[in-house]
Amino acid sequence: MILEQITEQLSDAIKARVLTLFGIPVERVILQAPPRLAMGDLATAVAMELAKQARKAPRQIAEAIASGLELPAAVSRVSVEGAGYLNFHFDRRLFTLAHLEAIGAPLPETGHRITVEHTNINPNKAAHIGHLRNAVLGDTLIRSLVALGHRVERQNYIDDTGVQVADVVVGFERLLGEGIAEVQKRIADGTKFDYFCWDLYARVGHHYEAHPEALEWRRETLHKIEKGEGDTAKLGAIIAKAVVKRHLETTLRLGIEYDVLVKESDIIRQRFWDRAFELLKKSGSVIFEEEGKHKGCWVMKLADSPEFEGMEEPDKILVRSNGTVTYVGKDIAYQLWKFGLIGDTFGYREFRRYDDGRIVWETTSDDDAVAGAPHFGGAQSVYNVIDVRQGYLQKIVKEGLRILGHAQQAERSIHFSYEMVALSPATAKSLGVEVKPEDEQKAYLEMSGRKGLGVKADDMLDELEAKAREKISGERSSGSEEDDARLARQIAIAALRYFMLKYGRTKVIAFDVAEALSFEGDSGPYLLYSTVRVGNIFRKMQERGVDPMLAKDQVDRLAIGDELVDDMWQIVRMSADTENVIRRAVETLELSLLTRHAFDLAQTFSSFYHKFPILNEKDDAERQRRAVVAEVFRRTMVQIFGIIGIPMPERM
RNA sequence: GCGCCCGUAGCUCAGCUGGAUAGAGCGUCGGCCUCCGGAGCCGAAGGUCGUAGGUUCGAAUCCUACCGGGCGCACCA
């Protein structure tokens, strides 16, 4: 907060100064931390940019701007350095006092309503680690948006009428000869139903390969499910619901929650699609093909849009010749609903409750809709967290809005795209997959639900917990089995969430189990460890009857100007960058900025911690100064943990 | 063919809208536990930033071309 204020004030002051001195209006002044702390706390190269226009040497310009520049209270001086940089040095005391109070304080509400759709795992098998990348990114995006003061709705789209569910239904009905009663028994028997489906789905895939004629089963089944007819459709719904229940348990292990599950079947049954279809037909951009290869289909004409220029096939089928609607068609209807552009609304019923009593709602077309259910949809901005391979379809959804005259909403339909999680050859082998010679050299192998190739999310979490639990045994144990187990869970979450966030979103993660299990270096557990230690110090001070003197009036009286040496000040300065980092992470959709920032800060603090003992420092004021720095660090980390979704243990 | 993404140290990656000496983790080598818990800290070695041009006072960063790798362009999702 304080840093943002200073930056804005300085920016305004410099603009005004440049205008009066040179008559040049500057649009924006970029103020950034200089490369080394000794150079100052904020710097700008504005003088270099102006050199040509002002026909003066950069240093000369910088000197002119600096002299007589009105500085904010927390800025003590300005210097001109290097080729003509303007460097600003903060008043460490004023800045630290103001910052310490503001860390983690909620930002003012913006009133902006945002919907984030994420997770969206096909409800036909267990979640694998690739799905977790989606869920962790989506959840972290949500937490970031909330931290910035927005109101966010957490949606999870359930494709319960698609091919993948149909294939598992085929597996039960045709390969196992099982119906509703048998499947319900399996769901109730306490084993992981999603794991069973994982294997069954792979079996169906292999069966199709060996017996292509069996694909007829898929067509029949899919048709019945889409129409909602008979026991087959009922079975599909039962399977989808049971699997989604498991998915929510898996994601809940990572602290990921939802407000509403939107089911594809309800988009059809609530006639959202029909309404969207009417609008699209009226727009003239969606037409019925009388002949050609798309004869009998309703297609969206994309040729006129510059976005799709040069495409070999500029038409996209929305309704197949057999009358069924494609995924994109339904997605356009869904997107319209998210913005409140379709008039109607869903019915909702309770899907499950979290321990604190909050409800996850699901859409329903049956007569069991709850009268007092909350109102969903109608957002001002929408983020769809979907992997990069669906970029083309997301573009079409956006184009759909534009065609219907909703240009602004199209602009605010943001595709949060990210690369896939693949398997390192070593990990693939360890899963018992035969790696073909030609794949041996590849950097990674794609996961495939159809082949049953992938690391299941629950298995990964189990392994991480087991490994953490092992480390906690012996001297680290708290003596309480329950506490140790909880700590192991927290460490596992930290490890996995951090791992999923630390890579840039455009990077393919070649998932290597050994690497993901690492608790050292650039990892979540390292962050926890560095922060928990600070808590230990304060606890120990308390035990020894030493007051850390962190109360506001006590800190106010403390000498923390020049006495706050660079090693200390650096931590305060870095901590103050946090808000800016959150903003940039959201703007660029690059959430790895958050983990990077947290890691840099933790590393800097760890170094400080080894160099400057706190507990054993004899001088009261010096000990207090160090304690203030430790507290700045601790509060900042707690704030960041809240945003990246890592729970903070008391001890570890 | 058209479009998107990636190419930086042995490996995995940072490097923000161009800016001051290109950084981290892992690995390797060498130090540091009578300690605020070593899941840590300090140090060393290690880089033609894929290649070639261009723009600029200044390019890992922007533009163009090329090379290498991945993905997308279904009456699948």
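Everything numeric here is computed off the predicted structure, so don't read it as measured data. Chain letters run A, B, ... following the sequence lines, proteins first, then strands; residues in each count from 1. Because only heavy atoms are used, hydrogens play no part in the values below, and waters and symmetry mates are left out as well, while side chains stay in.
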Report task. For Val388(A), report the nucleic acid contact type (base, sugar-phosphate, nothing); a contact means any heavy atom under 4.0 Å. Result -> nothing
Query raised in the report: If you take atom types as modelled and just measure distance, does the side chain of Ser321(A) reach the base of C75(B) with a donor-acceptor pair under 3.5 Å?
Result: yes
Query raised in the report: Between A74(B) and G58(B), how far is it from one P atom to the other, in whole Å?
Result: 46 Å
Query raised in the report: C16(B) and U8(B): how far apart are their P atoms, nearest whole angstrom?
Result: 16 Å
Query - Distance, C1' atom - from G30(B) to U34(B), rounded to whole angstrom - result: 24 Å
Report task. Can you tell me the distance, in whole Å, between the CG atom of Asp315(A) and the P atom of A74(B)? Result -> 10 Å
Requested in this report: Go ahead and name the base partner of A9(B); Watson-Crick or wobble counts if both distances stay under 3.5 Å, otherwise write none.
Outcome: none
Query raised in the report: Under 5.5 Å between ring centres and under 30° between planes: true for Tyr85(A) and the base of A20(B)?
Result: yes
Query raised in the report: Between atom CG in Asp160(A) and atom C1' in A77(B), what is the gap in whole Å?
Result: 13 Å
Report task. Compare the minimum distances between each of U21(B), C71(B), A39(B) and the side chain of Arg36(A), then state the nucleotide with the smallest one. Result -> U21(B)
Requested in this report: Would you mind pulling out the nucleotide paired to U56(B), Watson-Crick or G-U wobble, both distances under 3.5 Å?
Outcome: none
Query - G54(B) to G10(B) separation - C1' atoms, rounded to the nearest Å - result: 34 Å
Report task. Could you check how far OH of Tyr392(A) sits from C1' of G70(B), rounded to whole Å? Result -> 20 Å
Query raised in the report: Roughly how far apart, to the nearest Å, are C63(B) and G7(B) at atom P?
Result: 14 Å
Query raised in the report: Within this structure, what is the CG-to-P distance between Leu31(A) and C16(B), rounded to whole angstrom?
Result: 17 Å
Query raised in the report: OP1, OP2 of C73(B) versus side-chain N and O of Lys395(A): anything below 4.0 Å?
Result: no
Query raised in the report: Do other residues, nucleotides or ligands put more than 12 heavy atoms under 6.0 Å from Glu291(A) CD?
Result: no
Query - Heavy atoms of other groups near Arg450(A) CZ, more than 12 under 6.0 Å - result: no
Requested in this report: May I ask which nucleotide in the shown strands pairs with G43(B), Watson-Crick or G-U wobble, both distances under 3.5 Å?
Outcome: C29(B)
Report task. May I ask you to say what Ala422(A) touches in the nucleic acid, namely base, sugar-phosphate or nothing, with a heavy-atom cut-off under 4.0 Å? Result -> nothing
Query raised in the report: Which part of the nucleic acid does Gly504(A) contact within heavy-atom distance under 4.0 Å: base, sugar-phosphate only, or nothing?
Result: sugar-phosphate
Query raised in the report: Should we say atom NZ of Lys15(A) is surrounded by more than 12 heavy atoms from elsewhere, each under 6.0 Å from it?
Result: yes
Query raised in the report: Using the benzene-type ring in the case of Trp, are the ring centres of Phe499(A) and Phe511(A) under 6.0 Å apart?
Result: yes
**Report entry** C1' spacing across the pair G46(B) / C33(B), given as an integer number of angstrom
**Finding:** 29 Å
Requested in this report: Report yes if the side chains of Asn156(A) and His118(A) come closer than 4.5 Å at any heavy-atom pair, otherwise no.
Outcome: no
Requested in this report: Would you please classify the geometry between the Phe608(A) ring and the Phe612(A) ring as parallel, tilted or perpendicular, with 30° and 60° separating the classes?
Outcome: parallel
Report summary line: 5'-most contact on RNA chain B (nearest-nucleotide basis), Ala602(A) vs Gly162(A), goes to Ala602(A)
Query raised in the report: Under 3.5 Å, is there an N or O donor on one side and an acceptor on the other linking the side chain of Arg584(A) and the base of U17(B)?
Result: no
Requested in this report: Whole angstrom is fine here: how far is it from NZ in Lys502(A) over to P in C26(B)?
Outcome: 9 Å
Report task. Ignoring the backbone of Thr506(A), work out which of C6(B), A20(B), A77(B) is nearest its side chain. Result -> C6(B)
Requested in this report: Give Phe538(A) one of three labels, base, sugar-phosphate or nothing, depending on what nucleic acid heavy atoms sit under 4.0 Å from its own.
Outcome: nothing
Query raised in the report: What do you reckon, are the aromatic ring centroids of Tyr526(A) and Phe519(A) less than 6.0 Å apart?
Result: no
Requested in this report: Could you check how far NZ of Lys316(A) sits from P of G3(B), rounded to whole Å?
Outcome: 19 Å
Query raised in the report: With a 4.0 Å cut-off on heavy atoms, is Ala51(A) in touch with a base, just the backbone sugar-phosphate, or nothing at all?
Result: nothing
Query raised in the report: Within the structure shown, what part of the strands sits under 4.0 Å from Leu393(A) by heavy-atom distance: base, sugar-phosphate, or nothing?
Result: base
Query - is_close_aromatic(Phe277(A), Trp298(A)), centroid dist under 6.0 Å - result: yes
Query raised in the report: Within the structure shown, what part of the strands sits under 4.0 Å from Asn124(A) by heavy-atom distance: base, sugar-phosphate, or nothing?
Result: nothing
Query raised in the report: Partner of U48(B) by Watson-Crick or G-U wobble geometry, both contacts under 3.5 Å, or none?
Result: none
Query raised in the report: What is the nucleic acid contact for Pro34(A), judged by heavy atoms within less than 4.0 Å: base, sugar-phosphate only, or nothing?
Result: base
Query raised in the report: From A77(B), G70(B), C13(B), pick the nucleotide closest to the side chain of Tyr444(A)?
Result: G70(B)
Query raised in the report: Can you tell me if Arg533(A) and Asn536(A) form a side-chain donor-acceptor pair at under 3.5 Å?
Result: no
Report summary line: When rounded to the nearest 0.5 Å, the distance separating CZ of Arg489(A) from CG of Asp484(A) is 11.0 Å
Give each protein N/O atom lying under 3.5 Å from an N/O atom of nucleotides 35-38 of chain B, with the pair distance.
residue: C36(B); atom: OP1; partner: Asn616(A); partner atom: ND2; Å: 2.5
residue: C36(B); atom: O2; partner: Ile614(A); partner atom: N; Å: 3.2
residue: C36(B); atom: O2; partner: Leu615(A); partner atom: N; Å: 2.7
residue: C36(B); atom: N3; partner: Ile614(A); partner atom: N; Å: 2.8
residue: C36(B); atom: N4; partner: Tyr609(A); partner atom: O; Å: 2.1
residue: C36(B); atom: N4; partner: Phe612(A); partner atom: O; Å: 3.0
residue: G37(B); atom: OP2; partner: Lys540(A); partner atom: NZ; Å: 3.1
residue: G37(B); atom: O2'; partner: Tyr529(A); partner atom: OH; Å: 2.2
residue: G37(B); atom: O6; partner: Met652(A); partner atom: O; Å: 3.1
residue: G37(B); atom: N2; partner: Arg476(A); partner atom: NH1; Å: 3.0

Query raised in the report: When rounded to the nearest Å, what value does the distance between C1' atoms of A20(B) and G50(B) take?
Result: 27 Å
Report task. Classify the glycosidic conformation of C33(B) as syn or anti, calling it syn when the angle lies within 90° of 0. Result -> syn
Query raised in the report: Heavy-atom count around Glu622(A) CD within 6.0 Å, excluding the residue itself: above 12?
Result: yes
Report task. To the nearest Å, give me how far apart CD1 (Ile396(A)) and C1' (C73(B)) are. Result -> 9 Å
Report summary line: Closest to the side chain of Arg28(A), out of A77(B), U17(B), C41(B), is U17(B)
Report summary line: Taken to the nearest whole Å, CD/Glu49(A) to P/U55(B) is 20 Å
Requested in this report: With a 3.5 angstrom cut-off on both distances, give the Watson-Crick or G-U wobble partner of G1(B), or none if there isn't one.
Outcome: C73(B)
Expected rows: protein N/O vs nucleotides 42-44 of chain B N/O, under 3.5 Å:
residue: C42(B); atom: OP1; partner: Ser607(A); partner atom: OG; Å: 2.8

Query raised in the report: Is it true that a side-chain atom of Thr44(A) and a backbone atom of Val46(A) form a donor plus acceptor pair closer than 3.5 Å?
Result: yes
Query raised in the report: Would a 4.5 Å heavy-atom cut-off, applied to side chains only, mark Val388(A) and Tyr418(A) as touching?
Result: no
Query raised in the report: Should the heavy atoms of other residues, nucleotides or ligands under 6.0 Å from CD of Glu4(A) be counted, would the total exceed 12?
Result: yes
Requested in this report: Considering only atom C1', compute the distance from C49(B) to C62(B) and round it to an integer number of Å.
Outcome: 16 Å
Query raised in the report: If you pin Lys52(A) and Ala33(A) to their nearest nucleotides in RNA chain B, which one's is more 5'?
Result: Ala33(A)
**Report entry** Any Tyr503(A) side-chain N or O less than 4.0 Å from OP1/OP2 of A24(B)
**Finding:** no
